[in-house]
Protein chains: 2
Amino acid sequence: MKPSDTYVPLQCRLVNDVIALVGDKWSILIIVLLGGGRKRFMDIKRAVDGISQKMLTVTLRGLERDGYVTRTVYPTVPPKVEYELTDLGRELLVPLRTLGSWAIANHDRVAAARAAYDARQLPQAAE
Amino acid sequence: MKPSDTYVPLQCRLVNDVIALVGDKWSILIIVLLGGGRKRFMDIKRAVDGISQKMLTVTLRGLERDGYVTRTVYPTVPPKVEYELTDLGRELLVPLRTLGSWAIANHDRVAAARAAYDARQLPQAAE
DNA sequence: CGGAATCCTTGACGATACTG
DNA sequence: CAGTATCGTCAAGGATTCCG
């Protein structure tokens with residue numbers, strides 16, 4: 001970005017920086033999931049069925065780095081690692097759920113808009 | 001995702017479907033920008049400096065398809081196209097700003113968490 | 001001016017195998 | 001169990017060019 005960002009002020013940097021994780025498909029799911037309490041690595045993996053263990057590790061590392069979750073290792077055999085939301089993570093849950101509620105409430109309108117849009121476009125391709 | 005999604009219920013599909021655009025770096029910026037009123041293609045491009053015209057076109061198409069913005073073409077020479085938020089788009093602005101406010105208010109905490117995390121990790125790499 | 005089409009690079013992500 | 005490491009794929013996105 002250049003200095004000519006009059007419409008995109010400094011705040012956008014901050015916002016984008018923080019909500020970058022919102023864009024990450026897995027991060028939100030995991031934060032909401034951990035909103036239900038502390039969980040082990042494999043439990044999260046099973047709950048978020050479809051995620052690879054690599055992505056789960058990477059995602060959890062990112063969330064830990066940003067201060068949203070804590071990682072507790074129990075030096076037992078076999079190893080046991082638990083993840084839990086921090087205060088910051090629990091606070092993030094609030095605006096996240098606001099957005100989630102809006103999404104659920106308005107999903108039909110978006111779906112309708114898409115259907116209408118596609119209905120307008122596809123016939124033209126057949127001309 | 002498989003049918004075994006007991007922890008990741010149907011609602012997640014809906015939510016993810018809608019907030020997929022939140023993940024898109026440009027979509028949010030553009031929606032917030034259009035929150036300030038109707039704008040022309042090039043004005044948006046200049047405002048969101050750093051976006052390629054390809055991505056701007058693709059992003060605007062997506063927002064139009066989802067019913068967040070309207071696209072008005074004036075058949076003049078040279079062409080003039082204006083984009084404006086729909087009611088749905090203006091409503092989305094609300095939860096989006098909630099999240100944005102949270103991001104701005106807590107950016108420092110995230111930055112601090114990152115710094116602390118990196119400070120713990122980097123020295124170990126030097127061992 | 002607004003946008004479509006093409007090419008090309010990059011890195012995100014999955015699959016797999018190995019370790020403490 | 002909870003990772004780390006390596007490799008291969010594939011599609012998102014930038015740069016460029018042409019069109020109405």
Check the distance between [N]'s [atom2] and [X]'s [atom1] and give it to me in whole angstrom.
X	N	atom1	atom2	answer
A/K80	D/dA2	NZ	P	9 Å
A/F41	D/dA2	CZ	P	7 Å
A/D43	D/dC1	CG	C1'	11 Å
B/E82	C/dG2	CD	C1'	13 Å
B/L60	C/dC1	CG	C1'	14 Å
A/D49	C/dG14	CG	C1'	14 Å
A/I44	D/dA2	CD1	P	9 Å
A/L56	C/dA12	CG	P	18 Å

Carboxylate-amine/guanidinium contact A/R114 B/E64, below 4.0 Å:
no

Ion pair present between A/R40 and A/D43, side-chain N to carboxylate O less than 4.0 angstrom?
no

Least distance between heavy atoms, B/L60 atom then B/V69 atom:
O-CG2, 4.1 Å

How long is the gap from CD1 on B/I104 to CZ on B/R97, to the nearest 0.5 Å?
11.0 Å

Quick one: do A/I44 and A/L34 satisfy side-chain contact (heavy atoms from CB on, under 4.5 Å)? Show the steps, please.
CA-CA 8 Å; A/I44 301 175; A/L34 288 180; 4.1 Å; yes

Look at all strands and tell whether A/Y74 reaches a base, only sugar-phosphate, or nothing, counting heavy atoms closer than 4.0 Å.
nothing

Taking OP1 and OP2 of [N], is either one under 4.0 Å from a side-chain nitrogen or oxygen of [X]?
X	N	value
B/R71	C/dG2	no
B/Y83	C/dG3	yes
A/R40	D/dC1	no

Side-chain heavy atoms of A/Y83 within contact of A/K39, under 4.5 Å:
no

If the condition is side-chain contact (heavy atoms from CB on, under 4.5 Å), which residues does A/R38 pass it with, not counting sequence neighbours?
A/Y74, A/E82, A/E84

Once each nucleotide of nucleotides 10-20 of chain D is scored for protein heavy atoms under 4.0 Å, what B/S/- sequence comes out, 5' to 3'?
---BBBBB--B

Using the closest heavy atom to pick a nucleotide of DNA chain D for each, name whichever of A/P78 or A/T57 lands nearer the 5' end.
A/P78

